[in-house]
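We count ligands from 1, going down the list as the structure has it; atoms in each ligand are counted the same way. Quantities reported herein were computed from a predicted structural model and do not represent experimental measurements.
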Amino acid sequence: MTASFGSDCSYRLYDRALKSLVGGVNSPVRADPRPTPAFVDHGDGAHVVDVDDNRYLDYIMGYGPLLLGHDLPDRVREAITKAVADGPMYGIPTDIEIELAEFVIDHVESVDRLRFVNSGTEATAAAVRLARGYTGRDKIVVMRGGYHGGHESFLVEGTAADRKPSSAGVPETFADETIPVPFNDEAAVREAFERHGSDIAAVLTEPLLGNHGIVHPVGGYHESLRNLCDDYGSLLIFDEVITGFRVGGLECAQGKYDIEPDLTTFAKIIGGGFPVGAIGGRAGIMQAFTPTGEVFESGTFNGHPVTMAAGLETLRFAKKHDVYTHVNELGERIRAGLQDIVEDHAPEYTVAGTDSMFKVLFTRSGSEATTDNCTAGCKQQLDCPRFERCPKTGADVETGETDRWKRTFWPAMAERDVLLTPNQFESQFISYAHTAADIDRTLETYQRVLSQSG
Ligand SMILES: *Cc1c(COP(=O)(O)O)cnc(C)c1O
């Protein structure tokens, strides 16, 4: 058992960081752990080791990019080292950009042209600009509780009828053009189209809500979005920044759910651990980007050779080895195990996730025990006895927010060396480096912590 999360050296580093970095961190969620975040010394397979020499089983995995864990396979490492040795970047084309593009195009049905950028935020911002330029319309429909990064167009909250910026610094006018609707609510999106249809450039959605709970689409939901977009001449954009090359393997979530979006955004895994983003889709739409079209998009680091090498070799490794089978089997194992544990100790909680993503949502409604739930994570199945009670929208997820998660559960797991995402609604990830023994130890830890307090 670790002495205390974020002990001695981490404490001193955080104290020092508070004087040079805003809030001591470079992304706000990293400040969540109390009293201080742990500072990482190095990664090791499925573990991270902090500067106080505490070793944690890591389910944050960089918030998604680290499909293979913290140790890069030799081929990936060699490709990165070679790209670095050749010269870090040029601002002049390189062949590795074509190779990664071809790999994505070969595996993702809806994509036949790509533009590489440097983050998921850049990808979603550019995809929306492309949709607006291509359709000549301004409004976009997004899902409440969906996450697309820190761009003005996505920092809007509320309802279709009453919406406002969700961050200081975002002009009110952005809320005019962004219409949030609840996920999984076909009637709400239909109503938005009935009111604004001829002004809607695109519907932007994650295939499943991956940053806010993990919420599965209810059967038929994506089909209804696809049909509405077709009826009104709007584009359907899938934000596969988290799900891309994780859910549904190399075909991505759109393959798993059998839906063809017009545009797809990628990031995280396709950069193999380096900063990346990409927009992909049919050539007819994608060519609207500069230089072939009129929609401006540009970047000094776009298609960075080191990132391209890391991404390409990571995906090639995943294709050649049993990566998806391994991580998905462990995903099943942990979700099934968690389902048994919550049935015994907290039957009101929801086990969520699919493939190699998982989370226990501390939902509070409906405590009667049932045993024939979805067995390995909420799949929104109509015949599940919990169907009505499992969260279907971002707002449903929020009603489950508890201090128990934040103040007692998460720290107790960390003290027992299991590192979960500190935000109670962000997904956790299983990597190729995790083992069945890791999963079983994690389940024992969940069991111990959930049965103790509460
Ligand atoms: C992480 C994420 C983003 C933002 O990507 P960044 O690289 O952090 O800018 C956008 N959309 C989704 C679905 C994400 O999970």
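Residue pairs satisfying the ring-ring contact (aromatic ring centres under 6.0 Å, His included) criterion with at least one member in residues 117-140, sequence neighbours excluded, are absent. Applying the ring-ring contact (aromatic ring centres under 6.0 Å, His included) test to every pair with at least one member in residues 150-169, sequence neighbours left out, gives these pairs: H148-F154, H151-F154.
Applying the salt bridge (charged side-chain N to carboxylate O under 4.0 Å, His left out) criterion to D86, with sequence neighbours excluded, gives K82.
Counting only N and O atoms by type, the side chains of D239 and T265 include a donor and acceptor under 3.5 Å apart.
The side-chain tip of R404 does not point at the ring of F409 from less than 6.0 angstrom away and within 45° of straight on.
Ring pair F425/H212 is tilted by interplanar angle, where 30° to 60° counts as tilted.
Protein neighbours of ligand 1 below 4.0 Å, counting non-hydrogen atoms: S119, G120, T121, Y147, H148, G149, E206, N211, D239, V241, I242, K268.
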